[in-house]
Amino acid sequence: MLKFLKSVFDDTAQDVPADEAHAKALAAATLFFEAAASDGTLAPSELERISHLLITRFDLNEGDVTAICSQAQRRQSEAIEMSNFTRDAKNRFEPAERIELMEMLWEVAYADGVLEDFEANLMRRLSGLLYVDDRDSGKARKRAMATLGLNDT
């Protein structure tokens, strides 16, 4: 029992962000995994896109990406609801950054080349929870599709 309690507290200590940049990357990565897993599969292309976004947009090295992805995937899989993650992201990102975050989320959702109904539903919900209006989310979606070389049909 004591070993279990110690592991719980040790595990919780790992969730404390080292700094604000790490906290923002972790908040975004958790939402990325939520978007990637929303269709019931976690495709290799989605994992690659998540890593790419964390490296290029959050200026992380591969070691940091591995650690953050592990932490984010665990947080996402253990969560009962995503409101804590969206609240965390909403509080950490400025309004313009939240639009960029939506663009990144659209990239993850489209990474496998197909937007499933569950993913589209999740993206609408995330947009509302992150206080990104439909027009800005739509523009972010188009930019993400262009980045991925997909046609808007």
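Values below: all heavy atoms of this structure, side chains included; hydrogens, waters and symmetry mates excluded. Throughout, numbering of the chain's residues begins at 1 and tracks the sequence.
F118 and L105 fall into different hydrophobic clusters, defined by Ile, Leu, Val, Met, Phe, Trp and Tyr side-chain heavy atoms under 4.5 Å apart, directly or through other members. When the side chains of ILVMFWY residues are joined at heavy-atom separations under 4.5 Å, either directly or via intervening members, Y131 and L126 end up in two distinct hydrophobic clusters. Both L150 and L115 are part of a single hydrophobic cluster, where members link through side-chain heavy atoms under 4.5 Å apart. Placement of V108 and V114 in two distinct hydrophobic clusters is found when ILVMFWY residues are connected by side-chain heavy-atom separations under 4.5 Å, directly or transitively. In terms of hydrophobic clustering, with Ile, Leu, Val, Met, Phe, Trp and Tyr side chains grouped at heavy-atom distances under 4.5 Å, I50 and I55 are assigned to a common cluster.
Counting non-hydrogen atoms of neighbouring residues, nucleotides and ligands closer than 6.0 angstrom, the CG atom of D59 reaches no more than 12 such neighbours. In N61, the CG atom is crowded: over 12 heavy atoms of neighbouring residues, nucleotides or ligands sit closer than 6.0 Å.
Side chains of Y110 and R49: no donor on one and acceptor on the other come within 3.5 Å.
Residues E103 and R57 are paired through a salt bridge, judged by an N-O separation under 4.0 Å between the basic side chain and the carboxylate.
Taking the ring axis of F58 as reference, the NZ or CZ atom of K24 does not stay both within 45° of it and closer than 6.0 Å to the ring centre.
Between the CE atom of M104 and the CZ atom of R143 there is a distance of 10.5 Å, given to the nearest 0.5 Å.
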Please assess M102 against L130 for the test side chain to side chain contact (heavy atoms under 4.5 Å, CB included), listing each intermediate value before the final yes or no. CA-CA 9 Å; M102 281 303 302; L130 293 171; 3.8 Å; yes
